[in-house]
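Please read the structure below before turning to the comments.
Note on naming: letters A, B, ... go to the chains in the order of the sequence lines (proteins, then strands), and numbering restarts at 1 for each one.
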Number of protein chains: 2
Amino acid sequence: MAARERVTIREVAERAGVSVATVSRVLSGNYPVPPATRTRVLRAAKALDYVANAHARALVGGGRKMVAVVLRQVTSPFYAQVAEGIEAEAAAHGWLCLVGATGGDPQREMEFVQLMREEGARLVVLVGGVVEDDSYRERVARYAQALDASGARLVLCGRPSPDPDIPALVVEFDNEAGALAITSHLLSAGHRRIAFLGGLPGNTSLDARVRGYRAALAAHGLPAGAAHVVDCGLGRAAGHRAMTELLRRNPDFTAVVAGDDMVAAGVLRAAGEAGLRVPHDLSVVGYNDIPLAEDFNPPLTTVRTPSEELGRAAVRLALRDPDRAAGIRHLLGTHIVVRDSVAPPPAPARDL
Amino acid sequence: MAARERVTIREVAERAGVSVATVSRVLSGNYPVPPATRTRVLRAAKALDYVANAHARALVGGGRKMVAVVLRQVTSPFYAQVAEGIEAEAAAHGWLCLVGATGGDPQREMEFVQLMREEGARLVVLVGGVVEDDSYRERVARYAQALDASGARLVLCGRPSPDPDIPALVVEFDNEAGALAITSHLLSAGHRRIAFLGGLPGNTSLDARVRGYRAALAAHGLPAGAAHVVDCGLGRAAGHRAMTELLRRNPDFTAVVAGDDMVAAGVLRAAGEAGLRVPHDLSVVGYNDIPLAEDFNPPLTTVRTPSEELGRAAVRLALRDPDRAAGIRHLLGTHIVVRDSVAPPPAPARDL
DNA sequence: CTGAAAGCGCTAACAT
DNA sequence: ATGTTAGCGCTTTCAG
């Protein structure tokens, strides 16, 4: 039908035969009102199907409890889990949660943050690793400062702060340790020719994983030249393409560390297409332990990152003590989960 | 540090040496202002890092362009894809998108819809199938009527309207046709003893799939008794449990139709644990074609439901002609995608 | 115990 | 071309 006007507090007041002040008082419930009037007001409100105007409320009340989540895309299982954690924790505290997807475009990210400032979000959570260039550093510094100026908090979730002095809360995984552990797992199985697929130079999460990978190699006494990093970026398609390519020009690897589980999915597929059996002919490990990782063929050995907890921790810490949350850095541990995608290399390692 | 006050339009006006009206005019850009003043105002706004207060704007401007999405959980690949479609289409129209997860709890759903009314969402999209009981019917009728009363639209995305007269736009898949097609695919391969895992009596989407499954059986001349539906609900764990159980007490099925791909994942796993090779010993099909379905072991033959398009269509149709959108029903087609999880049954079907 | 009235920050007439 | 002003719907002193 035609957009009838919304019922206002005044109409409720009229119907109940009281003033708007009284209605406001019973609805807010923060002021003693005699049961008789109370009931009358409540009945009138229900009869009219009155809903308060959140904007008017926010205007006078100084903003409302809202956390804004900014991520690359909702369909990535990892991001979705983080978002779910944020949402759950926010809901548990009675906060509203606004989710925005940027598709990885800094421009859209900026617009969204701006929008959130307009909306009066009191918590803005930026999720996921990013390419940390000068533009990024400047952007985040500006967000943090702007948000801070209006009493809001910036939370960096799974990405580092470009500068420890910036008023932002950082909640991260120890990516370097995770990659080190999973690479060591491969080394312990006897592998020596191990490739890393899914680098993305400048991306903080991936750079850390590459560092962990190199560190593991070094710790096992391998020369720096033993490392082979393919910077194909993330995603199933990228992993598939890169693996196909790698197999064509450099087939003598016995194991690959994928930048994340989606890359691993692509790698597994490419290996299968090339007639390689995993783990018999080739070992593959992933990163993140997404819900379907155990349904891969074969079930994937990977690094479990408590993604939902990452989200929960982000808002829990930010809400716990808003004023002290600025500048602190919280690191979440990870551990590897062993399934069936790793076996000793086909030929015994020569240097054992 | 301490929550300084937000910069208001008045401060910008003062700094620029003009009135608030002038500032409002240049910022809204809907009124001619001489370049000189314009520049002065813009400069002042930038210097002060001014951001408009969306609440004040909404209050006077009569709400803002916002679509609210209500779904069970973000981590379900199917829901995530629908949400992504909604988000993308909304963004393309310059609308904001608020996502809320209910965890399947009608109570939370109701609260969220209420919240969205307060926030002034002009479009509320309810995503995903539901158990359609009396309580549901009444709830939806109330949502639709309440939303309609305040000039907002209700969109049912992937769930039916309990009553065609309700002012809601419905965008759905033809679940019956999809299930019929995939079951027929199994029948054509020679299967006769086919189980359906993942029924959820009352759930509209699943009920439709079960109907399609039965219809296919009937169309191939099988008696009604040939149907075997296990009402285990959705999810990987449910599928795994139900399949394990089925295998134990009734192992003579040669194929299973899973309620969705996640159930199929569980079925595949249970089959593997029981030493069955898919598709050699058992054929399995899924529903939805989630992104990782082709990475299952083996790659899953399933029904492709254009989930993202479902979301896009929902907001596109609702936005196209808001007043005519009420009461219309839009059906999206599906098609099966053949991969490697189906083969002829191990022993030749006796009745061929 | 309850009502009147003063804004919250902004836009849109209406003046000048 | 720009300023003045009256609200938008609500909460919250401040009176009565």
What is the distance, rounded to the nearest whole Å, between atom CZ of A/Arg40 and atom P of C/dC1?
->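 The distance from CZ of A/Arg40 to P of C/dC1 comes to 14 Å, rounded to the nearest Å.
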
Throw together a table of side-chain donor-acceptor distances under 3.5 angstrom for residues 112-123 of chain B, partners on residues two or more places apart or in other chains.
from	atom 1	to	atom 2	distance (Å)
B/Arg117	NH1	A/Asp49	OD2	3.4
B/Arg117	NH2	A/Asp49	OD1	2.9
B/Arg117	NH2	A/Asp49	OD2	3.1
B/Glu119	OE1	A/Arg64	NE	3.1
B/Glu119	OE1	A/Arg64	NH2	2.4
B/Glu119	OE2	A/Arg64	NE	2.7
B/Arg122	NH1	B/Arg64	O	3.4

Residue pairs involving residues 117-142 of chain B (criterion ring pair (Phe, Tyr, Trp, His ring centres under 6.0 Å); sequence neighbours excluded) |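 Ring pair (Phe, Tyr, Trp, His ring centres under 6.0 Å) check on residues 117-142 of chain B returns no pairs.
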
Backbone N/O of B/Asn203 and side chain of B/Arg159: donor-acceptor pair under 3.5 Å |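 Judged by distance alone, no pair lies under 3.5 Å.
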
What does nucleotides 7-13 of chain D look like as a protein-contact string, B for base, S for sugar-phosphate only, - for none, at under 4.0 angstrom between heavy atoms?
-> BBBSBBB

Pick from B/Thr22, B/Val18, B/Val23: which one makes a side-chain contact (heavy atoms from CB on, under 4.5 Å) with B/Arg40?
->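 Only match with B/Arg40 under side-chain contact (heavy atoms from CB on, under 4.5 Å): B/Val18.
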
Would B/Glu309 and B/Arg316 count as a salt bridge (charged side-chain N to carboxylate O under 4.0 Å, His left out) if you check the C-alpha gap in whole Å, the side-chain angles of each, and the deciding distance to 0.1 Å?
-> CA-CA 10 Å; B/Glu309 175 55 23; B/Arg316 192 179 333 111; 3.0 Å; yes

